[in-house]
Every structure is written in structure tokens, then in C-alpha cells.
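What follows is a short report on a single structure.
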Amino acid sequence: MRIIGTIEHPQLKISVFRMDNRSTVKFENTRYEQTFKLGDDERFATVEGVQRWADAHLIQTVLEGFQIMHRAHLEAQARNFPATNEEIFEEII
């Protein structure tokens with residue numbers, strides 16, 4: 001798989017990949033990533049084609065997905081690794 005380009009965005013790193021005539025686009029923020037495999041459709045063979053596909057509505061949906069992922073991460077952490085009193089209050093010397 002090789003990167004064929006990026007799509008500029010103020011909050012996300014958006015990378016476009018190609019491998020064996022198949023395109024993939026990856027959206028990343030500081031903690032999470034979402035990947036869409038677009039297949040071998042020629043409409044997605046260029047960065048420009050993927051950029052046209054990745055419109056404002058899709059990007060907003062991706063950002064909302066990151067929020068859902070973050071909540072799920074925090075909830076799982078709270079369920080499975082509950083904070084102790086030592087972690088809640090900092091030590092005063």
C-alpha cells in the first residue's frame with residue numbers, strides 16, 4: 001500500500017492510499033482513526049476523486065464518530081479500571 005496524497009483539514013489528518021487498484025482513505029485525530037476501503041472503483045483512483053467523495057457531510061459524520069469512540073473508550077476504562085481514592089486526589093506534602 002502506498003500513500004498517493006493527503007486532504008487538508010484543520011482538525012484531521014486525511015490520507016489516501018492505493019494498492020492493487022484499490023483505494024483506502026484514513027481519517028485520524030490525536031487518539032483515534034477511521035478507515036474507509038473504497039475498493040477498485042475508478043472514481044476513487046485519484047486524490048481529487050476521494051476529496052470529492054469526502055465532502056463536508058462525511059467529515060462531520062467522521063468527527064461525530066470520533067466523539068462516540070472517545071465516549072466508548074472512557075466508559076470502558078471506567079467500568080474495567082475504576083479510579084481509586086489515591087488516583088482521584090493528588091498527594092499533598
Side-chain angles (χ1 to χ4, degrees):
M1 186 178 303
R2 65 183 176 88
I3 188 165
I4 63 169
T6 60
I7 298 171
E8 294 297 320
H9 190 273
Q11 294 173 282
L12 301 172
K13 178 180 179 184
I14 306 172
S15 305
V16 182
F17 300 90
R18 269 311 258 175
M19 184 175 83
D20 298 332
N21 297 325
R22 294 186 312 255
S23 297
T24 301
V25 61
K26 181 165 62 169
F27 298 85
E28 299 175 79
N29 68 10
T30 56
R31 292 187 71 144
Y32 308 104
E33 65 183 46
Q34 295 180 50
T35 302
F36 291 82
K37 295 181 179 182
L38 303 176
D40 61 359
D41 191 319
E42 280 302 310
R43 295 176 293 176
F44 309 123
T46 64
V47 174
E48 293 77 19
V50 174
Q51 189 168 16
R52 185 173 171 194
W53 169 81
D55 62 5
H57 183 78
L58 175 72
I59 290 174
Q60 182 59 41
T61 302
V62 167
L63 290 169
E64 291 167 4
F66 283 137
Q67 292 173 350
I68 292 167
M69 292 170 76
H70 186 63
R71 278 194 304 271
H73 170 82
L74 293 177
E75 290 168 2
Q77 185 172 327
R79 273 192 317 275
N80 297 299
F81 302 100
T84 64
N85 283 341
E86 294 169 0
E87 294 169 331
I88 295 173
F89 300 106
E90 65 181 70
E91 185 176 339
I92 300 173
I93 301 177

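Distance alone, capped at 3.5 Å, places no donor-acceptor pair between the R52 side chain and the D55 backbone. Judged purely by atom type and a 3.5 angstrom limit, Q11 has no side-chain atom pairing as donor or acceptor with the backbone of N29.
The CE atom of M19 sits 13.0 Å away from the CD1 atom of I4 when rounded to the nearest 0.5 Å. Summarising the geometry, atom OG1 belonging to T30 is positioned 10.0 Å from atom CG belonging to L12; distances are rounded to the nearest 0.5 Å. The distance from the CG atom of L58 to the CD1 atom of I14 is 8.5 Å, given to the nearest 0.5 Å. Note: R22 CZ to M1 CE = 7.5 Å, rounded to the nearest 0.5 Å. Atom CZ of F27 and atom CD1 of I59 lie 5.5 Å apart (nearest 0.5 Å). Note: H9 NE2 to Q51 CD = 11.0 Å, rounded to the nearest 0.5 Å.
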task = Take V50 and L38 through the side chain to side chain contact (heavy atoms under 4.5 Å, CB included) test and state the conclusion after the steps.
result = CA-CA 9 Å; V50 174; L38 303 176; 4.0 Å; yes
V16/I3 under side chain to side chain contact (heavy atoms under 4.5 Å, CB included): CA gap, chis, key distance, verdict = CA-CA 6 Å; V16 182; I3 188 165; 5.9 Å; no
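Residues satisfying the ring-ring contact (aromatic ring centres under 6.0 Å, His included) test with H70, not counting sequence neighbours, are Y32. When the side chain to side chain donor-acceptor pair (under 3.5 Å) test is applied to Q77, the partners found at least two apart in sequence or on another chain are H73.
Here the rule is side-chain contact (heavy atoms from CB on, under 4.5 Å) with S23, and of W53, F17, F36, F44 only F44 fits it.
Between Q34 and M69 the shortest side-chain heavy-atom distance falls below 4.5 Å.
Nearest heavy-atom pair across R18 and N21 is NH1-O, 3.1 Å. Closest heavy-atom contact between K13 and S15: CE-OG, 3.7 Å.
The environment of E8 atom CD is sparse: at most 12 non-hydrogen atoms of other residues, nucleotides or ligands sit within 6.0 angstrom.
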